[in-house]
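So the structure is just underneath, and the comments pick up after that.
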Amino acid sequence: MQRRKFLLMATLAAAAATFALGQAAPSRGASATIPDFSGIWSHPYLTGFEPPASGPGPVKNTSRRSDGVGNFQQLVGDYRNPILKPQAAETVKKHGEISLSGVGYPTPSNQCWPGGVPYVFWDFLVQIFQTPDHVTMLYRQGDEVRHVRMNQSHPAKVTPSWYGDSVGHYEGDTLVIDTVGIKIGPFAMVDMYGTPHTEKLHVVERYRLVDYAAAKDAIDRNAKENSHAGAAWDFDAGYRGKVLQLQFTVEDDGVFTMPWTSTITYRPAVVSWTELICAENPHQYYAGKDSPIPQAAKPDF
């Protein structure tokens with residue numbers, strides 16, 4: 001019920017602000033036309049991050065299917081990626097060894113914990129609501145919600161939160177979001193390979209609508225790297241119109257030797273938004289023991 005109320009309020013707010021989309025509005029530096037990113041966007045691939053055409057990129061899966069695509073059923077991160085500092089590389093290596101032994105390891109996804117940024121970018125669907133003052137992003141699971149304050153600065157002292165403190169502005173046709181203060185939870189990682197992060201994690205996102213032809217190279221790289229998750233969250237494979245491309249840069253000098261980049265290329269979803277709740281299971285299917293989730297010592301009432 002709370003989720004439905006939130007969606008209704010967000011929809012009404014977005015409708016009330018429609019006049020501002022496509023009209024002249026202030027952005028950092030000068031007036032510009034605000035691009036309209038509203039709607040449901042699909043990227044149903046695992047583990048999601050698209051490798052860049054060149055330069056430092058995310059950790060990739062060394063376990064491959066027979067067709068050369070990353071094997072989502074066995075997540076073995078490339079701990080030799082030069083972006084990783086030694087301690088981070090060791091953490092990725094240990095996660096891969098667990099996977100190679102035939103069992104899984106806990107992630108925010110399978111433990112139903114908030115994933116943070118950029119981890120949440122793996123999710124198959126994102127719905128975007130825009131108003132002049134805020135951008136709201138809903139991901140496929142009901143508790144994955146991000147609020148971006150527009151044309152504001154980070155506070156002098158940021159209180160860590162699951163999705164961090166996000167501030168945004170428009171640069172021409174591009175929405176730029178800067179996020180810091182991402183909380184470190186029991187399963188904190190920036191990707192599904194267990195790559196850790198510290199309180200220094202800083203993510204910059206750049207969203208823009210691009211022609212299909214301009215995004216084709218990234219789409220092809222994605223198809224070679226990531227497994228398609230199925231039709232339940234899909235797009236029209238014949239669609240050749242504008243796509244929404246996210247390019248993001250990640251830096252954390254407590255974990256990485258250098259900043260690295262990746263992309264997510266979304267296409268308009270052809271599925272309706274579904275109610276999906278990830279419920280914590282106190283029993284770990286992969287380890288035969290109780291999950292380390294909060295449990296009350298006595299009833300609340």
Side-chain angles (χ1 to χ4, degrees), residues 42-52 56-125 139-141 144 185-197 218-234 248 250 255-256 260 262-265 276 278-281 283-293:
S42 170
H43 186 263
Y45 291 90
L46 293 163
T47 55
F49 295 179
E50 299 166 356
V59 171
K60 297 195 294 185
N61 197 352
T62 61
S63 177
R64 317 300 286 190
R65 301 186 324 209
S66 59
D67 60 0
V69 175
N71 179 14
F72 180 68
Q73 302 303 319
Q74 189 175 66
L75 302 178
V76 185
D78 182 8
Y79 63 89
R80 297 183 178 88
N81 188 320
I83 66 170
L84 298 173
K85 287 189 172 181
Q87 187 172 355
E90 186 62 26
T91 299
V92 173
K93 182 179 180 182
K94 287 180 178 178
H95 280 81
E97 289 172 346
I98 294 172
S99 190
L100 286 170
S101 73
V103 297
Y105 48 78
T107 68
S109 303
N110 62 34
Q111 297 300 296
C112 296
W113 280 71
V117 178
Y119 182 91
V120 74
F121 297 158
W122 77 266
D123 213 338
F124 306 146
L125 297 175
Y139 295 87
R140 189 173 52 102
Q141 295 180 18
E144 298 176 332
F187 311 108
M189 54 186 70
V190 301
D191 57 31
M192 289 191 179
Y193 304 109
T195 306
H197 71 80
I219 290 172
D220 289 345
R221 292 197 306 274
N222 174 68
K224 293 177 181 178
E225 181 61 32
N226 295 309
S227 302
H228 186 255
W233 306 279
D234 224 342
F248 63 95
V250 178
V255 171
F256 303 117
W260 55 270
S262 180
T263 55
I264 302 286
T265 304
L276 179 62
C278 188
E280 293 172 326
N281 184 346
H283 301 292
Q284 295 180 355
Y285 69 92
Y286 54 84
K289 60 182 181 180
D290 287 345
S291 297
I293 64 173

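As the structure is a computational prediction, the values presented were derived from the model and not from experiment.
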Counterpart residues, side-chain hydrogen bond (donor to acceptor under 3.5 Å, both in side chains), relative to Thr195 (two or more places apart)
Asp191

Show the nearest heavy-atom pair for residues Pro44 and Asp234, with the distance to one decimal.
CG-OD1, 3.7 Å

Check ion pair Arg140-Asp123 (N to O, under 4.0 angstrom)
yes

Using the rule side chain to side chain contact (heavy atoms under 4.5 Å, CB included), only one of Thr47, Asn226, Ile264, Leu46 pairs with Trp122; which is it?
Leu46

Contacts of Tyr79 that satisfy ring-ring contact (aromatic ring centres under 6.0 Å, His included) - sequence neighbours left out
none

Any donor-acceptor N/O pair, Thr107 side chain to Ser109 backbone, under 3.5 Å
yes

Could you check whether any side-chain N or O of Arg221 sits under 3.5 Å from a backbone N or O of Glu50, counting only pairs where one atom can act as donor and the other as acceptor?
no

Using a 6.0 Å cut-off, check whether atom CZ of Arg65 has over 12 heavy atoms from anything other than its own residue.
yes

Over 60° means perpendicular and under 30° means parallel, so tell me whether His228 and Tyr45 are parallel, tilted or perpendicular.
perpendicular

Between Val76 and Asn61, is any pair of side-chain heavy atoms under 4.5 Å apart?
yes

Please examine the side chains of Val190 and Tyr119, heavy atoms only from C-beta on, and report whether any two atoms are closer than 4.5 Å.
no

With a 4.5 Å cut-off on side-chain heavy atoms, are His43 and Leu125 touching?
no

How are the rings of Trp113 and Phe187 set to each other: parallel, tilted or perpendicular (split at 30° and 60°)?
perpendicular

For Ala229 and Phe124, which heavy atoms make the closest approach, and how far apart are they?
CB-CZ, 3.5 Å

Do Glu225 and Lys60 have side chains that get closer than 4.5 Å, going by heavy atoms?
yes

Taking the inter-plane angle between the rings of Phe248 and Trp260 on a 0 to 90° scale, is it parallel (under 30°), tilted (30 to 60°) or perpendicular (over 60°)?
perpendicular

Indicate yes or no: at least one non-hydrogen side-chain atom of Phe256 is less than 4.5 angstrom from one of Val250.
yes

Looking at every non-hydrogen atom in both residues, tell me the closest pair between Thr265 and Ala218 and how far apart they are.
OG1-CB, 3.8 Å

Between Ser227 (side chain only) and Gly70 (backbone N and O only), is there a donor and an acceptor less than 3.5 Å apart?
yes

Donor-acceptor contacts under 3.5 Å from residues 87-100 side chains, at least two apart:
{"from": "Thr91", "atom 1": "OG1", "to": "Gln87", "atom 2": "O", "distance (Å)": "3.1"}
{"from": "His95", "atom 1": "ND1", "to": "Thr91", "atom 2": "O", "distance (Å)": "2.8"}
{"from": "Ser99", "atom 1": "OG", "to": "Leu75", "atom 2": "N", "distance (Å)": "3.0"}
{"from": "Ser99", "atom 1": "OG", "to": "Leu75", "atom 2": "O", "distance (Å)": "3.3"}

Closest contact, heavy atoms only, Pro58 versus Pro52
CD-CD, 3.8 Å

Is the shortest side-chain heavy-atom distance between Pro186 and Pro106 below 4.5 Å?
no

